[in-house]
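In what follows, a single structure is set out as structure tokens and then discussed.
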Amino acid sequence: MRLIICFLVCLSGVVSPLFSQEGNGKKIYADYHGVRYTRDFDGKLGRWEMHADTRKSKTGRETLCYNADFIDESGRNDIAAVAYPQVGMQSNMDPHYIEYQILSAKSAKIDGFFIEWGFMQHENDLLLRAMQPIAAKYGFEIGVNWCDGWLYYNWITKYYPEIDTREEKTEHYVKSYQYLIDSVFTGETAPMVDGRPVFYLFGPGAKHDEYKWVLSQLELPEGMKQPRALRRWADWGELRDDKYIPVTQSDDISKWTELDAIPTAWLPARVRPMDSIYPNYDYYATADDVIEFMKPFRDSIWMSDYPKYDVKSGFAMPSMDNSGCAGWGRGHFFTIPRDNGETYKRMWEFNMASKDSLDMMFIASWSDYTEGHEIEPTIENGDRELRTTLKYASIFKSEVEDDRGIELPLRLFKLRKRSQFMGDMRKFVKSIKPIDAKLDRSAVLISEGEYGGAIELLSEADGELKELESDLKSNDVVVTEDELRFSLNMFGDSYHVTNELKLYLSDATMYELIASRSYTGYLEFEYYDEGKERIRIYSPTDREPKALFGTVADFRTDNTNGWKKARVKLITDNIEYKSNSFSFLIKGKVRVKNFKIDYTTYK
């Protein structure tokens with residue numbers, strides 16, 4: 001039916017009142033959780049790794065130990081998540097990955113990301129600034145989910161030691177808000193609903209009187225409406241006779257309403273205690289609980305004629321499973337089952353029953369893998385949540401649904417990486433330029449919904465890359481433990497490292513790697529997992545800062561008292577091979593054995 005409607009609209013040259021290209025102006029935003037890094041792009045891992053004490057949990061699980069540098073037999077990194085990204089472990093700062101995410105979101109009719117943000121110069125602020133120019137290129141909006149509690153924790157003091165009292169933090173709040181006004185709420189990527197800047201205010205930072213004072217200190221550009229804060233309202237509620245009862249009134253939220261903040265939902269409460277159905281979680285919620293949680297928002301906000309509720313936002317999330325973090329150090333496991341996508345559909349359907357009263361939708365989240373409520377495509381769930389978003393977004397916005405764009409950003413991203421790999425070899429630099437030009441053009445077409453033209457260009461680029469790749473010659477180089485030289489003698493069947501162990505490649509191997517200029521490599525070994533030790537592996541590097549890019553791996557032991565296998569990727573640009581110098585340095589307290597290094601060189 002959708003294709004018939006599209007055909008009739010195009011044939012007649014008129015816009016259907018139900019389905020149009022322009023739509024009704026309603027907006028959809030997704031929370032963006034970061035920052036996640038990679039060794040090759042940033043020299044670190046960020047939120048991909050996680051180590052925590054979870055002995056407070058009643059599940060019996062005592063620790064989290066996600067060593068994201070480690071790669072399993074299927075090629076997946078050991079990331080802090082229950083689902084694995086469709087594009088693998090990538091850096092949030094990589095322009096190609098940013099492009100992929102923005103175009104994927106746009107293909108599902110998402111208008112922008114609200115980056116979880118705290119204050120200027122924080123790593124999330126650097127992420128925001130990295131996203132803005134790419135978003136501008138593709139007609140996408142970048143806003144913030146302001147976690148203003150970060151200003152009142154000691155996090156701000158770590159960046160600015162002179163800010164250490166609550167009064168000084170509140171004064172800095174003014175500077176942070178003014179920065180948002182000047183740098184985020186203005187310009188072509190500003191998140192706007194009905195001509196007004198909007199942001200999500202997560203809390204729990206400023207108190208009511210502090211926030212009121214902050215508002216009085218701001219300077220708005222001429223013509224700008226006061227930015228509207230969508231204030232998180234996520235009171236827990238309770239379980240009565242096996243039925244979830246939500247909170248329907250809050251004195252605290254009422255005070256925020258007086259400050260022109262509009263109550264908006266967040267992740268529904270999980271109040272059901274661990275049982276035989278969910279033995280791996282301390283608390284959980286059912287799909288019915290989720291709908292009950294949303295009803296007070298519908299009844300008291302969406303349907304209200306209160307004039308200060310001038311931006312009404314619905315809310316949807318696909319699931320929740322915080323096995324990747326266990327409450328960020330609080331040590332408890334929660335879940336809201338994804339149920340093969342049905343939970344997300346039910347939330348959308350609940351919102352769409354009141355769509356005429358809503359100005360926007362807020363999704364939590366695009367990328368919170370650690371808490372398991374991401375809608376970004378994953379290996380486990382595919383692009384199902386994107387297709388669900390597109391279906392209901394089309395209804396919400398009164399726009400034509402066209403799912404041809406859903407798969408294109410993934411194709412583009414893979415082609416970008418293949419082109420980048422070939423371009424790193426001098427011979428192919430000139431040949432890659434026209435291919436990159438086609439990829440650039442295809443990205444613009446995807447962002448504009450011109451999927452037919454994008455498909456054609458992507459196919460052409462793929463063919464041209466295959467032709468170049470056919471000229472590549474590869475050679476496998478396997479370095480066994482017998483071919484390595486060590487700074488310690490073996491004790492029994494392993495090396496007992498109490499401080500450091502140096503590994504040396506032969507000169508012949510190093511010369512081959514240096515001559516090839518391009519290779520992929522993996523370091524494999526076994527380690528005895530005892531105690532709670534932190535082990536680092538370094539290599540010589542000429543890449544700055546050396547403290548970051550000289551790190552090959554950084555992992556923890558988890559006291560399982562057994563031998564474990566480890567496989568770590570070796571980053572070409574990070575490693576400088578030098579004659580008469582160690583190739584790798586292991587620091588820490590650990591027993592290791594069975595080393596092997598696999599290289600594939602390209603010429």
Side-chain angles (χ1 to χ4, degrees), residues 29-50 68 79-81 85 87-106 110-138 140-151 153 155-156 158-160 175-177 179-191 197-202 205 324-325 328 362-371 373-376 409 413 416 545 548-549:
Y29 298 103
D31 172 79
Y32 190 99
H33 184 268
V35 179
R36 292 171 172 79
Y37 303 107
T38 58
R39 295 284 178 207
D40 53 345
F41 203 87
D42 316 278
K44 53 186 176 180
L45 300 175
R47 299 295 175 269
W48 288 127
E49 64 178 344
M50 175 62 64
I79 62 173
V87 293
M89 189 178 85
Q90 303 293 334
S91 168
N92 291 162
M93 305 299 287
D94 180 352
H96 292 161
Y97 187 44
I98 294 174
E99 176 187 71
Y100 160 78
Q101 293 180 105
I102 286 175
L103 294 179
S104 294
K106 285 207 70 172
I110 294 172
D111 295 283
F113 291 147
F114 281 11
I115 297 172
E116 295 187 15
W117 186 89
F119 49 84
M120 296 169 287
Q121 301 305 316
H122 186 271
E123 62 178 353
N124 290 56
D125 186 49
L126 303 181
L127 171 62
L128 183 149
R129 285 187 273 159
M131 277 199 170
Q132 283 178 316
I134 301 173
K137 185 189 304 184
Y138 299 125
F140 199 67
E141 299 173 15
I142 299 295
V144 296
N145 175 354
W146 194 356
C147 305
D148 64 341
W150 300 359
L151 273 165
Y153 305 151
W155 299 6
I156 182 73
K158 291 180 180 178
Y159 284 81
Y160 303 99
K175 295 180 181 179
S176 296
Y177 202 142
Y179 166 80
L180 293 176
I181 289 171
D182 298 337
S183 303
V184 179
F185 301 153
T186 56
E188 53 191 332
T189 62
V198 294
F199 67 99
Y200 194 88
L201 184 58
F202 190 88
C325 68
W328 300 104
F362 186 54
I363 301 169
S365 64
W366 176 263
S367 58
D368 196 338
Y369 286 92
T370 322
E371 287 193 349
H373 48 87
E374 74 293 325
I375 64 168
E376 180 180 354
F413 179 80
R416 290 281 197 201
L548 286 180
F549 291 106

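Both backbone and side-chain heavy atoms feed into the values below; hydrogens, waters and symmetry mates do not. Note that the numbering runs from 1 along the sequence shown for the chain.
Two residues are said to be in side-chain contact when any heavy atoms from C-beta on lie closer than 4.5 Å; W48 and Y369 meet this criterion. Using a 4.5 Å cut-off on side-chain heavy atoms (C-beta onward), N145 and I115 make no contact. Contact annotation: the side chain of Y160 approaches that of Q121 to within less than 4.5 Å [non-hydrogen atoms, C-beta and beyond]. You'll find the side chain of H96 stays beyond 4.5 Å of the side chain of Q90, heavy atoms only. Two residues are said to be in side-chain contact when any heavy atoms from C-beta on lie closer than 4.5 Å; P95 and Y100 fail this criterion. Between F199 and F185 the shortest side-chain heavy-atom distance falls below 4.5 Å. You'll find the side chain of F41 reaches within 4.5 Å of the side chain of M93, heavy atoms only. Two residues are said to be in side-chain contact when any heavy atoms from C-beta on lie closer than 4.5 Å; I375 and I363 meet this criterion.
Taking each heavy atom of F549 and G43 in turn, the nearest pair found is CE2-N, 3.4 Å. Residue A136 comes nearest to T189 through the heavy atom pair N-CG2, 3.5 Å, listed as atom of the first residue, atom of the second, then distance. The minimum heavy-atom distance linking A80 with M50 is given by the pair CB-CB, 3.6 Å. Summarising the geometry of S367 relative to E376, their closest heavy-atom pair is CB-OE1, 4.1 Å, with the distance given to 0.1 Å. Closest approach of G143 and P191 over heavy atoms only: CA-CG, 3.7 Å. Taking both residues in full, the closest heavy atoms of I98 and N92 are given as CG1-O, 3.2 Å, listed atom of the first, atom of the second, then distance.
Taken to the nearest 0.5 Å, the CG atom of D94 stands 9.5 Å off from the CD atom of E99. Rounded to the nearest 0.5 angstrom, R129 CZ and I142 CD1 are separated by 14.0 Å. The line from CG of L127 to CD of E116 is 10.5 Å long, rounded to the nearest 0.5 Å. A distance of 12.0 Å separates CG of D182 from OH of Y177, quoted to the nearest 0.5 Å. Between the OG atom of S365 and the CD atom of E374 there is a distance of 7.0 Å, given to the nearest 0.5 Å.
Ring centroid separation for the pair W328 and H33 comes in under the 6.0 Å cut-off. Aromatic rings of F119 and W155 (six-membered ring for Trp) have centroids beyond the 6.0 Å cut-off, not under it. Side-chain rings of Y200 and F114 stay apart, their centers remaining 6.0 Å or farther from each other. Two rings, from F113 and W366, have their centers less than 6.0 Å apart.
Legend: residues meeting side chain to side chain donor-acceptor pair (under 3.5 Å) with Y179, ordered by chain and number and at least two apart, are D125. Partners of Q132 according to the side chain to side chain donor-acceptor pair (under 3.5 Å) rule, which considers only residues two or more places apart in sequence or in another chain, do not exist here. The side chain to side chain donor-acceptor pair (under 3.5 Å) check on T370 picks up R36, with sequence neighbours excluded.
For the side chain to side chain donor-acceptor pair (under 3.5 Å) with S91, the lone residue among D40, T38, D42 that qualifies is D42.
A distance-only check finds no donor-acceptor pair linking the side chain of N124 to the backbone of W117 [under 3.5 Å].
Using cut-offs of 30° and 60° for the angle between ring planes, the Y159 and H122 rings count as tilted.
Between the side chains of Y29 and E141, at least one donor-acceptor pair of N or O atoms lies under 3.5 Å.
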Exercise for the section: Kindly determine whether S176 and L151 satisfy side-chain contact (heavy atoms from CB on, under 4.5 Å), including the steps that lead there. Expected result: CA-CA 9 Å; S176 296; L151 273 165; 4.1 Å; yes
